[in-house]
Amino acid sequence: MADLVSMDKIVALCKRRGFIFASSEIYGGLGSTYDYGHYGVLFKQNVKNEWWRAMLQERDDIVALDSAILQHPRTWEASGHLAGFTDPMVDCRTCGQRFRADHLHDLQCPRKPSKPPGDGPDCSLTEARDFNLMFETTMGPVKDSGATVYLRPETAQGIFVNFKNVLQFSRKKPPFGIAQIGKSFRNEITPGNFVFRTREFEQMEMEFFVPPDEAPQWYEHWKQARMEWYVELGLRPDHLRLREHDPDELSHYSSATADVEYLFPIGWSELEGIANRGDFDLTQHAEYSGEKLEYFDQQTKEHYVPHVIEPAAGADRATLAFLVDAYDEEEIDTPSGAQGGEQRTVLKLHPRLAPVKVAVLPLVRKDGQPEVAREIVAALRGRMQTEYDAGGSIGKRYRRQDEIGTPFCVTVDHQTLEDRTVTVRERDSLGQDRVAIGELGDVLAAWLAQPWVSPKLGPT
Ligand code: GAP
């Protein structure tokens, strides 16, 4: 089923509900930087937690790392970023704008939007020049005499330069992995499409070090494992695909790369890359640092440089994909029972990703209902993200919770005061169950733990 949600609708929902909004808004915003509000923070944190769960909790061959954003400048010489992390760009002498030379056909001339830059009547483009995407800054108190350092453009290099450290303290041997989540920075020439491409973003990268002859099989393993992760968290399989790079697309360090692609509103685009990086990184850092970055195999009595398989994902891009996949608009019955009388926008998110798991709503703000609702919130909040909401009509509150993807709404009503039961409304089916307050925590926890498939896929 084709998904018709536009990026504009996603941006509007994110702003309306405070998930994600333009950064520095009171100063007019700062090109393609975004801030995450309350629900956005909870949501993206859940995405990252699921990644950690898959990497650390469900396996015992990967360890975690949190390396510094600022690294020794030699890191970027060794990795090849200083010399080669460039995009070709052109400037327009007429409008003063800068464009990626290899993306011109996808872009609009600012003065004549029906044409790509260069095709407008007044366009005057310069020759293409290479532009390094790393952000530079100066280390030390005096700008002139300080050393130039770079904001890392990927988290991966922090892992490679720590290979020896981690090998020593983790008591692991290849095949084993080092995983890291953190901010990366790229001075993209043409950022855009909301949080799809920004200049500051978060990556979730794992470098898996293997004996060289095992690299092809681990490459296959990680392609499959990463596809399964997205599907398990609810992305529709027909909106996901794995695209193997052609030989002329491969980075200088890679012998094989595949992209996990998702059908975003802008078309099929990269969500994550899985690369066989060979021994490029460890060999380079060994050469530039003078340290031996290899593994001594006790059994064969041989030293070797492990090869690396790297699944590299973007936390913001994954969050965007989950949002797009979950977004739905539908007509439902009104709370009073009128058929098809109400429109709702709903995020049909995997319950594990939903920012709030349960909202507790007193039907009216009197008769002791708010007090019981508060008591329920206090009992649930230690177990799951819980929200109390008493503002507005019950229909309006359901709509609000639907829009942020809350899987369960608990309503406290007149009957609650008599028999200590509440109504639990389920977001996707709109089914309602009567549950005893004393059992609510266990019942909700069990429902949240159940396997989930997107209701957009229809009955299975
Ligand atoms: N260490 C390999 C590496 O960094 P990459 O394909 O350049 O590979 C990995 O980046 C992932 O990081 C991408 O698949 C994407 O999800 C995310 N990413 C890269 N550039 C981004 C940007 N400008 N904005 C948002 N996410 C980005």
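Computation of the quantities below employed the complete heavy-atom set of this structure, encompassing side-chain atoms and omitting hydrogens, waters and symmetry-equivalent molecules. All ligand and atom numbering here is 1-based and tracks the order in the structure.
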Just go through Gln157, Met204, Gln203, Arg199 and tell me whose heavy atom is the nearest to atom 12 (O) of ligand 1.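 Ranked by closest heavy atom to atom 12 (O) of ligand 1, first place is Gln203.
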With no hydrogens and no angle check, do the side chains of [X] and [Y] hold a donor and an acceptor under 3.5 Å apart?
X: Gln203; Y: Ser184; answer: yes
X: Tyr34; Y: Asp316; answer: no
X: Gln71; Y: Tyr150; answer: no

Quick test: of every protein heavy atom, which one is nearest to [atom], and how far off is it to 0.1 Å?
atom: atom 8 (O) of ligand 1; value: Ala312 CB, 4.1 Å
atom: atom 13 (C) of ligand 1; value: Glu270 OE2, 3.3 Å
atom: atom 25 (C) of ligand 1; value: Phe196 O, 3.2 Å
atom: atom 19 (C) of ligand 1; value: Arg186 NH1, 3.5 Å
atom: atom 17 (C) of ligand 1; value: Gly314 CA, 3.7 Å
atom: atom 24 (N) of ligand 1; value: Thr198 N, 3.0 Å
atom: atom 3 (C) of ligand 1; value: Glu205 OE2, 3.5 Å

Could you list which atoms of ligand 1 come closer than 4.0 Å to a heavy atom of [X]?
X: Leu271; answer: 14 (O), 16 (O)
X: Arg277; answer: 1 (N), 2 (C)
X: Glu188; answer: 22 (C), 23 (N)
X: Glu272; answer: 14 (O)
X: Ala156; answer: 1 (N)

Aromatic ring proximity, centroids under 6.0 angstrom, Phe208 and His221: no
Assess the pair Phe19 and Tyr36: is the distance between their ring centroids shorter than 6.0 Å?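 They do not qualify: ring centres at least 6.0 Å apart.
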Glu220: which of Gln217, Gln224, Lys223 passes side-chain hydrogen bond (donor to acceptor under 3.5 Å, both in side chains): Lys223
Between Asp325 and Arg236, is the closest basic N to carboxylate O distance under 4.0 Å? yes
Determine the interplanar angle of the His239 and Tyr262 rings, folded into 0 to 90°, and report it as parallel if under 30°, tilted if 30 to 60°, perpendicular if over 60°.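 Tilted.
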Any idea how Phe135 and Phe185 line up, ring-wise: parallel (<30°), tilted (30 to 60°), or perpendicular (>60°)? perpendicular
Nearest 0.5 Å please: distance from the CD atom of Gln97 over to the OG1 atom of Thr94. 11.5 Å
Test your reading of the structure: does Val195 have an N or O sitting under 3.5 Å from an N or O of ligand 1?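 N/O-N/O distance under 3.5 Å: no.
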Close N or O approach (Phe201, ligand 1; < 3.5 Å): no
Can a non-hydrogen atom of Asp316 be found less than 4.0 Å from any atom of ligand 1? no
Compute the minimum heavy-atom distance from Glu310 to ligand 1 and say whether it is under 4.0 Å.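 Yes, Glu310 has heavy atoms under 4.0 Å from ligand 1.
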Under the criterion salt bridge (Lys or Arg N to Asp or Glu O under 4.0 Å), which of Asp87, Asp130, Asp106 is the partner of Arg100?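 Only match with Arg100 under salt bridge (Lys or Arg N to Asp or Glu O under 4.0 Å): Asp87.
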